[in-house]
Amino acid sequence: FTKEEIALLLANAKGFWNIAVRLSQATGMRLGDICTLDWASVGTEGPVKWMTMKTAALVEAVPPPELLTEIRALYPTGSNYCFPKYAHRYLCLPMRTEIIREFRVLCRKLKIEGKSFHCLRHGFAQDHKNEQKRELLDRLIEELALDRTKLAMGHSSSETTKGYLREQPAA
């Protein structure tokens, strides 16, 4: 999905589909994982932990807190599942295709062709990789800058140099 297609989806998708798109974007969750997300997996703070439907792997991700607050406000906690209607439909194999078709129809109405819900997962993977690259690069640059500063000051230890960088001399 392009950024424009995501914006179009979020502007027009209501209820479950709006939340599902946002959850997938934030966590990389598959449609089946979102449909069958249970309340035990959604804590009050911190990460959401779930067992994937496809690979039975335990996965952990941190969606935006406001999204979890919205889910709690919009959906009843009387069921084990956050989205009971979709959980029951997804767990019944013949009805699973109806959910997939429902998303396809939404996309078609918005003139988004050739995309499935799973494509959101690909976008998450790309965004996550880019974020990891930025973080690793920032950390590497910081370490290299510290090492060069240590050498320029003639220190044998990076800890000594760090002390100089922490201290703020009086003016």
Side-chain angles (χ1 to χ4, degrees), residues 1-140:
F1 286 91
T2 65
K3 301 275 186 225
E4 294 78 20
E5 289 170 334
I6 295 291
L8 191 60
L9 266 174
L10 292 175
N12 291 281
K14 304 294 180 224
F16 170 79
W17 288 114
N18 184 282
I19 288 175
V21 167
R22 289 163 48 209
L23 256 179
S24 186
Q25 268 201 294
T27 64
M29 292 176 85
R30 294 176 175 94
L31 180 58
D33 299 330
I34 294 170
C35 289
T36 58
L37 186 64
D38 58 32
W39 287 111
S41 301
V42 181
T44 53
E45 289 183 23
V48 171
K49 299 174 184 174
W50 72 94
M51 187 75 69
T52 65
M53 291 290 295
K54 186 170 184 171
T55 62
L58 184 61
V59 182
E60 186 175 294
V62 182
E66 64 274 7
L67 183 54
L68 296 179
T69 301
E70 188 177 336
I71 292 170
R72 284 188 204 90
L74 292 175
Y75 293 91
T77 55
S79 167
N80 287 340
Y81 297 108
C82 298
F83 313 105
K85 172 185 161 187
Y86 285 90
H88 297 298
R89 288 171 64 195
Y90 190 84
L91 293 170
C92 176
L93 196 55
M95 295 179 82
R96 187 177 296 177
T97 57
E98 290 178 20
I99 298 172
I100 295 165
R101 191 175 308 123
E102 197 175 306
F103 185 74
R104 203 175 296 139
V105 166
L106 172 63
C107 286
R108 218 174 282 133
K109 282 182 184 175
L110 300 174
K111 308 262 190 281
I112 300 172
E113 297 293 330
K115 305 273 173 69
S116 67
F117 192 86
H118 194 78
C119 293
L120 292 167
R121 189 168 161 82
H122 293 262
F124 167 81
Q126 189 66 45
D127 291 346
H128 188 269
K129 182 190 88 173
N130 290 340
E131 180 181 316
Q132 292 301 307
K133 282 171 53 177
R134 279 190 300 276
E135 285 178 19
L136 289 169
L137 189 58
D138 287 348
R139 203 172 336 152
L140 179 61

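Between E66 and E70, every side-chain heavy-atom pair lies at or beyond the 4.5 Å cut-off. Using a 4.5 Å cut-off on side-chain heavy atoms (C-beta onward), I71 and F83 make contact. A heavy-atom distance below 4.5 Å is found between the side chains of L110 and L106. In this structure the side chain of N12 never reaches within 4.5 angstrom of the side chain of W17, judged on heavy atoms. Using a 4.5 Å cut-off on side-chain heavy atoms (C-beta onward), T2 and I112 make no contact. By the 4.5 Å heavy-atom criterion applied to side chains, W50 and L58 are not counted as neighbours. Looking at heavy atoms from C-beta onward, R89 lies in side-chain contact with E102 at the 4.5 angstrom threshold.
Judged purely by atom type and a 3.5 angstrom limit, T27 has no side-chain atom pairing as donor or acceptor with the backbone of A61.
For the atom pair CG (L9) and CD (E4), the distance works out to 12.0 Å, reported to the nearest 0.5 Å.
For E60, the side chain to side chain donor-acceptor pair (under 3.5 Å) test picks out no residue, with sequence neighbours left out.
Applying the salt bridge (charged side-chain N to carboxylate O under 4.0 Å, His left out) test to residues at least two apart or on different chains, none of the pairs has a partner in residues 75-87.
Ring centers of Y81 and W39: at least 6.0 Å apart, outside the cut-off.
In this model, a donor atom of one side chain and an acceptor atom of the other lie less than 3.5 Å apart for R22 and N18.
Taking the six-membered ring where tryptophan is involved, the planes of F103 and F1 are perpendicular, since the angle between them exceeds 60° and thus also 30°.
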For residues 117-127, run the donor-acceptor check on the side chains, cut-off 3.5 Å, and write out each pair with its distance to 0.1 Å, sequence neighbours left out.
from	atom 1	to	atom 2	distance (Å)
R121	NH1	G28	O	2.5

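Taking each heavy atom of Y90 and G32 in turn, the nearest pair found is CZ-CA, 3.2 Å.
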